[in-house]
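Beneath this line is the structure, given in structure tokens, with notes to follow.
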Amino acid sequence: MIPGEFTYHRPSSVAEAVAILVSHGDEARPLSGGHSLIPMMKLRMAAPEHLVDLGGIADLKGISEDGGTITIGCMTTQHELIGSDLLADKLPIVRETSLLIADPQIRYMGTLGGNVANGDPGNDMPGLMQCLNATYVLTGPDGDRDVAARDFYEAAYFTALAPEEILTAVKIPVPPAGHGYAYEKLKRKVGDYATAAAAVVLTMNGGTVSSCSVALTNVADTPLYAADASTILTGSTLDDATVKNAVAAAEAITDPASDGRGPAEYRTKMAGIMMQRALARAAERASA
Amino acid sequence: MNDMTPTREQREAALEGMGCKRKRVEDVRFTQGKGQYVDDLKLPGMVFGDFVRSPYPHAKITKIDATEALKIPGVIAVLTAEDLKGVNLAWMPTLAGDVQMVLADGKVLYQNQEVAFVVAEDRYIADDAIQLVEVEYEELPVLVDPFKSMEPDAPVLRPDLEGKTEGAHGPRKHHNHIFNWEVGDKDETAKAFAEADVTINEMISYHRTHPSPLETCQCVASMDKVKGELTVWGTFQAPHVIRTVASLLSTIPEHKIHVIAPDIGGGFGNKVGAYPGYICSIVASIVTGVPVKWVEDRMENLSTTSFARDYHMTTEIAAKSDGTVTGLKVHVLADHGGFDACADPSKWPAGFFNIVTGSYDFPAAHLSVDGVYTNKAPGGVAYRCSFRVTEAAYCIERAMDVLAQKLGMDPADLRMKNFVKADQFPYQSALGWEYDSGDYHTAMQKAMDTIGYRELRAEQKAKQEAFKRGETREIMGIGVSFFTEIVGAGPSKNCDILGVAMFDSAEIRVHPTGSVISRMGTKSQGQGHETTWAQIIATEIGIPAADIMVEEGNTDTAPYGLGTYGSRSTPVAGAAIALAARKIRNKAQMIAAHMLEVSEYDLEWDIDGFQVKGNPEARKSMKEIAWAAYHAPPPNMEPGLEAVSYYDPPNMTYPFGAYFCVMDIDVDTGVATTRRFYALDDCGTRINPMIIEGQVHGGLTEAFAIAMGQEIRYDETGNVLGASFMDFFIPTAVETPHWETDHTVTPSPHHPIGAKGVGESPNVGGVPAFSNAVNDAFQFLGSTHIQMPHDSWRIWKAAKDLGAHG
Ligand SMILES: Cc1cc2nc3c(=O)[nH]c(=O)nc-3n(C[C@H](O)[C@H](O)[C@H](O)COP(=O)(O)OP(=O)(O)OC[C@H]3O[C@@H](n4cnc5c(N)ncnc54)[C@H](O)[C@@H]3O)c2cc1C
């Protein structure tokens with residue numbers, strides 16, 4: 001439970017941080033809240049020789065809205081997401097999800113950037129960002145590039161992020177006013193990663209689903225955008241048969257690990273149940 | 001009387017004696033972060049030890065090379081079994097009569113076993129060096145399933161025992177067999193089964209778990225080579241025993257060993273035994289001549305020091321058709337891991353498991369326990385229970401429910417029918433115990449009335465109908481548990497640890513000004529002894545508890561005692577305290593008689609002093625008497641006011657209780673929610689009701705954890721899973737149910753103050769209440785027994801197997 005030796009850097013600008021990453025390549029890692037990275041280092045499952053603490057870069061914090069897009073700086077903590085009036089108003093599902101992450105102590109430290117960049121399938125924000133069709137801004141030596149959350153994740157801990165890049169911001173298109181939403185998470189206890197979780201955002205029009213987006217957490221080695229399920233549900237009245245079809249389509253793309261949370265079979269079924277419950281709650285919340 | 005003279009009530013209240021909800025005095029430092037734990041200790045020149053551990057569960061070790069590790073600046077030494085052999089410490093005796101490797105001697109028997117001990121200037125360097133110690137392993141076939149341990153071709157785990165057909169507890173019938181222990185009358189029991197109207201037979205498993213105290217095991221060993229004295233500070237529930245063992249093993253004379261247990265952050269049985277970390281630190285300090293600190297991390301604690309349970313109990317009950325039980329037959333397969341390091345009194349290889357007849361009047365019973373080796377960590381400690389009592393209580397309480405189901409009887413009614421009756425005490429059980437006192441019917445009735453038992457059953461029935469009609473996906477379970485504990489080990493006639501009888505002790509010194517210091521052979525790990533011991537003394541000698549300091553844990557100053565575990569402190573040390581206090585009171589009476597110039601027979605005790613019978617104005621307070629004891633003692637009397645008492649209990653004490661759990665279960669996710677939990681405890685005389693309640697809350701929380709998911713799991717290849725708090729279930733305030741507590745009082749007839757001990761009752765009674773609730777919920781779907789732990793996926797699986805998912 002003691003990490004290997006490392007050098008600690010605390011740059012004050014993104015450019016400086018990127019320069020440090022460039023000069024040390026694979027041996028360097030950005031440090032945000034440290035609540036995923038430091039446990040891994042203590043287990044010596046990660047042993048970076050250089051830690052680049054992003055905490056001294058003021059530009060990386062903050063939540064703002066501009067022309068239908070909400071931009072959240074990577075160093076915004078989960079606690080700050082919960083406290084944001086803008087998010088509560090425009091993207092209440094972010095608050096709902098944040099409240100289901102770990103416990104207050106961890107949320108004071110853990111950041112949105114760290115949560116989505118980490119690449120751990122257990123993290124809750126990646127699935128949510130896929131559901132919301134968010135875009136990540138990656139800043140490297142050659143400037144910024146945008147990658148859709150739905151294209152970012154390759155395998156557990158493997159993402160589109162290059163070693164010399166920093167995920168500086170997350171851009172989320174604001175869903176229409178009156179949209180329904182829900183994040184349902186089954187976990188063993190407070191502070192646990194999901195056995196299975198589902199994010200749903202939808203809009204309704206006269207009892208019919210006019211748009212729908214479903215994503216799943218921790219039931220594969222990446223978050224899962226449930227494209228087929230979303231398509232099946234769109235245009236439906238959420239009748240039992242359609243929901244059943246959509247759940248089956250979502251379950252079909254899962255490939256969970258068997259672990260202390262339960263065998264794969266259970267976790268797949270729980271993904272379906274969470275999705276079903278999220279759908280029901282989202283529909284209830286949506287204005288007709 | 002003038003207005004300033006306190007009333008009797010005021011004098012009584014000022015003592016804060018027995019029965020008072022006195023606030024815990026130790027919490028003043030604990031809640032301010034001012035406790036002094038082992039890891040707070042910093043000695044000049046102190047270095048750190050840490051273990052190289054085996055990644056394999058079963059392997060031969062062909063080579064250990066520390067060359068590279070020793071090159072790291074700051075690395076002082078790397079100890080292996082070969083080094084320990086030089087001081088005859090490569091192996092150590094266990095409390096259960098087995099021997100255990102301190103460091104791997106040629107092979108390893110479980111994952112994370114201690115292979116080498118790295119000593120370095122700081123913890124960081126030690127951990128770096130661990131990565132560089134090269135160990136070559138040759139993997140051996142792994143034995144995980146205890147049911148396969150005695151197959152003819154099962155791998156040989158313990159070549160050191162080759163050819164040994166006799167173990168510490170009789171014949172061994174296989175190379176992986178440790179012992180067989182039989183109690184009861186086999187023929188009588190067989191007869192009961194032959195004549196029975198109804199029988200049940202169920203294999204009831206109690207899975208492997210771990211006490212997981214907040215503070216892990218740790219020590220600092222410091223050898224003073226000039227004086228030839230060894231001081232060891234450590235997380236010891238039984239410091240005196242540790243000193244004796246250390247002396248026997250090291251050949252350092254006992255008076256030159258100082259064992260000190262400072263504040264301890266929870267023990268629950270985890271800190272009873274001796275571990276390789278202690279031995280290696282001592283040897284390393286002897287070798288280096290500087291103090292050596294060893295501190296386990298969480299994973300090491302969970303995966304290597306002292307698991308609990310792992311009992312597989314095939315249970316049969318014979319009964320008449322009216323529900324009267326006539327016979328009990330239990331066979332236990334006990335998985336001990338690689339070494340039998342069970343913490344039991346020497347003569348009891350399966351602890352007091354023969355309390356398995358529980359609260360019921362079984363005319364005949366027979367018990368047989370087989371202990372076996374597997375490739376798992378050793379231990380088998382009593383995790384917040386008297387030795388193997390929680391296993392026994394779970395076994396009988398689950399089995400009674402299975403019987404009730406088969407008979408179509410209500411489980412509470414079946415228990416009522418078979419309880420030992422109040423007028424049967426002292427009661428001789430079929431498996432050899434003499435229950436001291438109890439009134440089970442009264443306790444059960446009070447519990448049933450308070451919780452509204454019949455109404456709950458009606459509600460459950462309505463819910464079951466609604467479930468069958470498809471109107472709800474939720475089902476409801478009512479868990480009934482009525483346990484009898486056996487605590488206070490124990491009488492010298494049947495209890496010893498490595499030959500030392502299991503008495504306990506107290507020393508009380510009253511100072512001239514009437515304040516007191518007292519020391520005991522026990523050691524609190526959070527139980528609140530500093531508070532409650534003072535309350536006993538306060539009531540007995542009339543000095544306010546606030547003026548009484550209690551000290552434990554330093555073998556140089558405290559009288560010899562066997563320590564704190566198995567709920568033994570109050571039954572044993574509590575009695576010693578009362579008796580030592582009475583010696584003081586007797587002497588005080590003589591002094592008071594001298595002061596008042598009357599015969600001591602003319603005096604009577606009144607709250608906080610002696611008064612002349614019929615003339616209460618003529619009195620001397622204990623404070624005045626204390627001064628006189630040092631200032632002007634009666635002629636021919638030794639001055640001073642001190643006493644020591646060693647107490648060998650005549651019998652165990654038998655606390656009991658009635659617990660009810662109401663649970664709602666979401667069949668689709670397997671999530672179980674405890675709606676209500678009611679715990680009625682009878683621990684005899686209640687010393688501090690608030691501390692009792694706190695103990696019950698804590699024990700119930702552990703019981704909840706164990707029943708609902710807390711588990712040390714192994715995969716088929718022997719990898720230990722769940723050895724971190726990510727997987728090992730420690731409930732937070734969010735998951736923990738609300739506890740309703742209640743009590744009856746049936747004092748122990750043989751204990752000086754009638755107290756029985758309560759710390760472990762809630763764990764013992766709580767586990768069956770939770771498990772019975774889950775099982776009860778599924779009965780109407782055709783289930784008879786679902787194994788623990790009842791985490792969500794297993795409940796979901798049970799529901800699925802019963803066809804509840806459509
Ligand atoms: C007990 C516990 C329970 C938890 N439970 C949950 C849970 O239920 N759900 C959940 O979602 N999370 C959970 N977490 C994780 C927590 O939310 C973390 O804070 C989060 O995963 C990582 O954020 P961080 O800011 O701490 O990142 P860090 O730990 O600092 O970094 C994580 C990884 O991302 C990289 N990184 C960090 N920031 C950037 C960046 N801006 N650009 C590029 N790479 C970056 C780091 O190099 C590292 O590899 C839990 C953590 C703990 C300790």
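The sequence lines fix the lettering, A, B, ..., with proteins before strands; numbering per chain opens at 1. Any value given below was found using the heavy atoms of this structure, including those in side chains, with hydrogens, waters and symmetry copies removed.
A:H24 has its ring centre less than 6.0 Å from the ring centre of A:H9.
For the options A:M274, A:E5, A:E265, A:R267, heavy-atom pairs under 4.5 Å to chain B are most numerous at A:E265. Heavy-atom pairs under 4.5 Å with chain A were tallied for B:D297, B:T669, B:D668, B:I730; the largest tally goes to B:T669. Between chain A and the residues B:D50, B:T732, B:D128, the most heavy-atom pairs under 4.5 angstrom are made by B:D128. If you tally non-hydrogen atom pairs under 4.5 Å between each of B:V734, B:D791, B:D727 and chain A, the highest count goes to B:D727. Contact tally against chain A (heavy-atom pairs below 4.5 Å) for B:M726, B:K797, B:R713, B:R298: the top residue is B:M726.
The parts of B:R123 that come within reach of chain A are both its backbone and its side chain, each placing non-hydrogen atoms under 4.5 angstrom from that chain. Looking at B:D122, neither its backbone nor its side chain comes within 4.5 Å of chain A, counting heavy atoms on both sides. Proximity to chain B (any heavy atom under 4.5 Å) is restricted, for A:D259, to the backbone atoms N, CA, C and O. Contact annotation for A:M1: both backbone and side-chain heavy atoms come within less than 4.5 Å of a heavy atom of chain B. Using a 4.5 Å cut-off between heavy atoms, B:M299 contacts chain A through its side chain alone, with no backbone atom that close. Within the 4.5 angstrom heavy-atom criterion, only side-chain atoms of B:Q131, from C-beta onward, approach chain A.
Both the sub-6.0 Å distance and the 45° axial angle are satisfied by A:R285 relative to the ring of A:Y181.
Ionic pairing of B:E711 and B:R208 is not present here: no N-O contact between side-chain nitrogen and carboxylate oxygen is shorter than 4.0 angstrom. Residues A:D240 and A:K244 are not paired through a salt bridge, judged by the lack of any N-O separation under 4.0 Å between the basic side chain and the carboxylate. Salt bridge annotation for A:R281-A:E284: absent, with no cationic side-chain nitrogen under 4.0 angstrom from a carboxylate oxygen.
At a cut-off of 3.5 Å, with distance as the only test, a side-chain donor of A:T217 or A:Y183 sits close to an acceptor on the other residue.
In this structure, B:F770 and B:F704 have tilted ring planes: the angle between them lies in the 30° to 60° band.
Put simply, the residue from A:R261, A:K187, A:K185 that forms a side-chain hydrogen bond (donor to acceptor under 3.5 Å, both in side chains) with A:D192 is A:R261.
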